[in-house]
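Remarks on the structure that follows.
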2 protein chains.
Amino acid sequence: MKKDPPLAICSRCNLRELCLPTGLNAREMEQLDAIVTTRRKLSRGEALFRNGDAFKGLYAVRTGFFKSFVATETGKEQVIGFQMAGDIIGLDGIGSQQHLCDTVALETTEVCIMPWERLEDLSKDMPILQRHLHRIMSQEIVREHGVMLLLGTMRAEERLAAFLLNLAQRLNARGFSSSEFILRMTREEIGSYLGLKLETVSRTFTKLVDTGVIAVKSRHVHILDMAALKTMANAL
Amino acid sequence: MKKDPPLAICSRCNLRELCLPTGLNAREMEQLDAIVTTRRKLSRGEALFRNGDAFKGLYAVRTGFFKSFVATETGKEQVIGFQMAGDIIGLDGIGSQQHLCDTVALETTEVCIMPWERLEDLSKDMPILQRHLHRIMSQEIVREHGVMLLLGTMRAEERLAAFLLNLAQRLNARGFSSSEFILRMTREEIGSYLGLKLETVSRTFTKLVDTGVIAVKSRHVHILDMAALKTMANAL
DNA sequence: CGTCAAGTTGAACTAGCTCAACCCCCGTGG
DNA sequence: CCACGGGGGTTGAGCTAGTTCAACTTGACG
C-alpha cells in the first residue's frame, strides 16, 4: 500500500465511465482526483477486507477479479458477487461502519481507495456525485434482486447460462470479447455463487458443451451460440 | 390518495425511530415534515407500483404488510421481501428512475410518500438525513446478502425457521409480541420468498409443529421454543 | 348454505447432492 | 529434465430433499 499526493488519475483513467459519474467539469474532476490518494495491490487469495473490519471507504477495482462472500458460524459460505475492473466494492459497510462480508482477490489485483468521509462530504456540493453514489447503491440492490431470482427459481442449466451471459456482458462493456474469456474463479466458487455444488457446475458445463452452446477448456470459455445461451437463461 | 398541506406528522409519528434519522433538531424535523405531504391508502392486492413505473419517491410504510417481487417474461416470480410498518420501499427505482420490481399490499395499508427530488435536495444541507439515506440503502444490501445465503445454502427447515425468526424480531422491534403473530402472506408467497414450493412450506410447518417448536393455526403462529428455532436457523 | 381460495397430505418422481474414483495440469525440487 | 505432489476438474453410481400431481379439508365470505 503506497501513499502519495493526489495521483490525478481518475480524469485520465480508462475506467472513468464505469466507476465515476459523467458530466463533471474540470474543477469537479480535480476535486474527485484529490480524493483518490491511495491505491492498493493485492495478490491472489489476499483479502481486501474481512467481515467485521472497520469500514473506511469504497474501493474501485482497477484490475483483476474479486469475490465477495458471507459466511455463517456453522461454516456455510455464499458468494454474493464477483467484481471486476470498474466495479465498486464495500457498499455493505456504509450502514454499520463495518464490513459485513469478506472480499478476496481471485488473482493479482489493484484497487483505488476512496475514503467514505470525503465522498460524503464532497457529494454535498456536487449533486452529480451525490446522484452517482445513490445510483450505484440502488443498482447493487437491483443486481441482488436478479441473483435472488436466480437462486430462488432457476434450474442448474439456467443458472449457469445466466452466469456466463452476465460475465460476457460485463466483459463486453469493458472492451473485451463477450464470446471468449477466462474464468477467474474455481468451479466451487461458481457453485457457491449459483447455489450449486461444484460437481453440478462441472456436469452442467459439460452439458452445455455437449449441446454445442459453448466450448470449454478448463477455465477458458468460448460461447459458440449466444442466442441459445440467452434462451436458456431466459430470465435476467 | 388525499393531498393536504404539511401534515406535520413525522415529528409525532410513533414509527419515527424506524424510518427517520435520530438526533434531528426542531428546525430539521420541521423541514422533514414538510416533505411528507401525501399519504396513500391501499387495499389488499393493490399495487403500490409496478415494474416499469416511473420512480417518484420512497414510501414509508405506516400500517400493513407489503410484498415486493421480481418476475421474468416466462412467468417465474421471486418474492424479494415483505415490508411492514416503518420499512422504506422503493430503493430499487433510484438508479434508473423507474421501478424494477412490483410491490403489492397484502392487506389494507397506508404509506407516506417522500418525493425523491426533495429528499435528495434536503440531504445536501442536512448531513444527518444524508447519512440516514445511505444507511438505509446499505442495510438493504446487507439484508439481501442474508437472503442470498438462505437461498443458496439452507435447507427447507432452516429457511422457514430463519423466516419466522426474522419476522418475530422485526415485529418485536415494533412493539408487538415476538412469540405470537399473524402471517399476512400465503404459503405460496412464503414459498416464493424462500425458494420453496407451497407444499414444502406447508409440510415444513407441520414438521415444526410436530417437534413442538411452534404452534400453527392457519396463519396464526405461536413460537413455543424460541431457542430451538434459533438453533434450526443457525445462520442469520 | 354454497363457493372458492387457501391449506394439508399422500405417493411417485427427479434434479441435484454425496461419496468416491480418477485425471490433468502445473509448479517444485531432486 | 524428470519425478512427484497436490489442487482443481471430471465422471459415475446411488441417494435424498424437495417437487409434482392429485385428492381432500378447511375456512371465509357473499
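Here the structure is a predicted model, which means the values were calculated and not measured. The chains referred to below are lettered A, B, ... by the order of the sequence lines, with proteins before strands, and numbering in each begins at 1. Values below: all heavy atoms of this structure, side chains included; hydrogens, waters and symmetry mates excluded.
The interatomic distance linking Leu183(B) (CG) with dG7(C) (C1') rounds to 12 Å, in whole Å. Residue Ile190(A) contributes atom CD1, which lies 13 Å from atom P of dG8(D) at whole-angstrom precision. In this structure, Glu188(B) places its CD atom 13 Å from P of dT8(C), rounding to the nearest Å. Leu198(A) places its CG atom 12 Å from the C1' atom of dG7(D), with the value rounded to the nearest Å. One atom, CD of Glu189(A), and another, C1' of dG7(D), lie 12 Å apart when rounded to the nearest Å. Atom CG of Leu208(A) is separated from atom C1' of dG9(D) by 16 Å (rounded to the nearest Å). When the C1' atom of dG8(D) is taken as reference, atom CZ of Arg184(A) falls 16 Å away, rounded to whole Å. Following rounding to the nearest Å, Phe205(B) (CZ) and dT9(C) (P) show an atom-to-atom distance of 13 Å.
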N/O donor to acceptor pairs below 3.5 angstrom from side-chain atoms of residues 192-200 of chain A, sequence neighbours left out:
residue	atom	partner	partner atom	Å
Ser192(A)	OG	Glu77(A)	O	3.4
Ser192(A)	OG	Val79(A)	N	2.9

Please tabulate, for side-chain N and O atoms in residues 49-62 of chain A, each donor-acceptor pair with protein atoms closer than 3.5 Å (sequence neighbours left out).
residue	atom	partner	partner atom	Å
Arg50(A)	NH1	Asp102(A)	OD2	2.9
Asp53(A)	OD2	Arg50(A)	N	2.8

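Closest contact between the side chain of Ser202(A) and the listed nucleotides dT10(D), dT8(C), dG7(C) involves dT10(D).
At its two ends the helix from dC1(C)-dG30(D) to dG30(C)-dC1(D) runs along axes set 30° apart, each axis drawn from five pairs and the angle rounded to 10°.
Arg187(A) has a side-chain polar atom (N or O) that falls below the 4.0 Å cut-off from OP1 or OP2 of dT10(D). Regarding contacts with the backbone of dA5(C), every side-chain N or O of Thr186(B) stays at 4.0 angstrom or more from both OP1 and OP2.
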Give every pair of a protein N or O atom and an N or O atom of nucleotides 14-18 of chain D that lie under 3.5 Å apart, one pair per line with the distance.
residue	atom	partner	partner atom	Å
dG18(D)	OP1	Ala156(B)	N	2.8

Show each protein N/O and nucleotides 21-30 of chain D N/O combination with a separation under 3.5 Å, one pair to a line.
residue	atom	partner	partner atom	Å
dC21(D)	N4	Glu199(B)	OE2	3.3

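Counting only distance, with no hydrogens or angles, the side chain of Gln139(A) and the backbone of Ile136(A) share no donor-acceptor pair below 3.5 Å.
By the 6.0 Å contact criterion, CZ on Arg219(B) is enclosed, its count of non-hydrogen atoms from other residues, nucleotides or ligands being greater than 12. Other residues, nucleotides and ligands contribute over 12 non-hydrogen atoms within 6.0 Å of the CD atom of Glu180(A).
A salt bridge links Asp87(B) to Arg174(B): one of the charged nitrogens lies within less than 4.0 Å of a carboxylate oxygen.
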Yes or no on side-chain hydrogen bond (donor to acceptor under 3.5 Å, both in side chains) for Ser178(A) and Gln169(A), after CA distance, side-chain angles and deciding distance? CA-CA 6 Å; Ser178(A) 65; Gln169(A) 284 164 0; over 6 Å; no

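Within the cation-pi definition used here (under 6.0 Å to the ring centroid, within 45° of the axis), Lys67(B) qualifies as a partner of Phe69(B).
Remark: Glu157(A) pairs with no residue by the salt bridge (Lys or Arg N to Asp or Glu O under 4.0 Å) rule, at least two apart or across chains.
Side-chain contact check for Ser43(B) and Thr108(B): no donor-acceptor pair (N or O, by modelled atom type) lies under 3.5 Å.
Between Leu100(B) and His145(A) the shortest side-chain heavy-atom distance does not fall below 4.5 Å.
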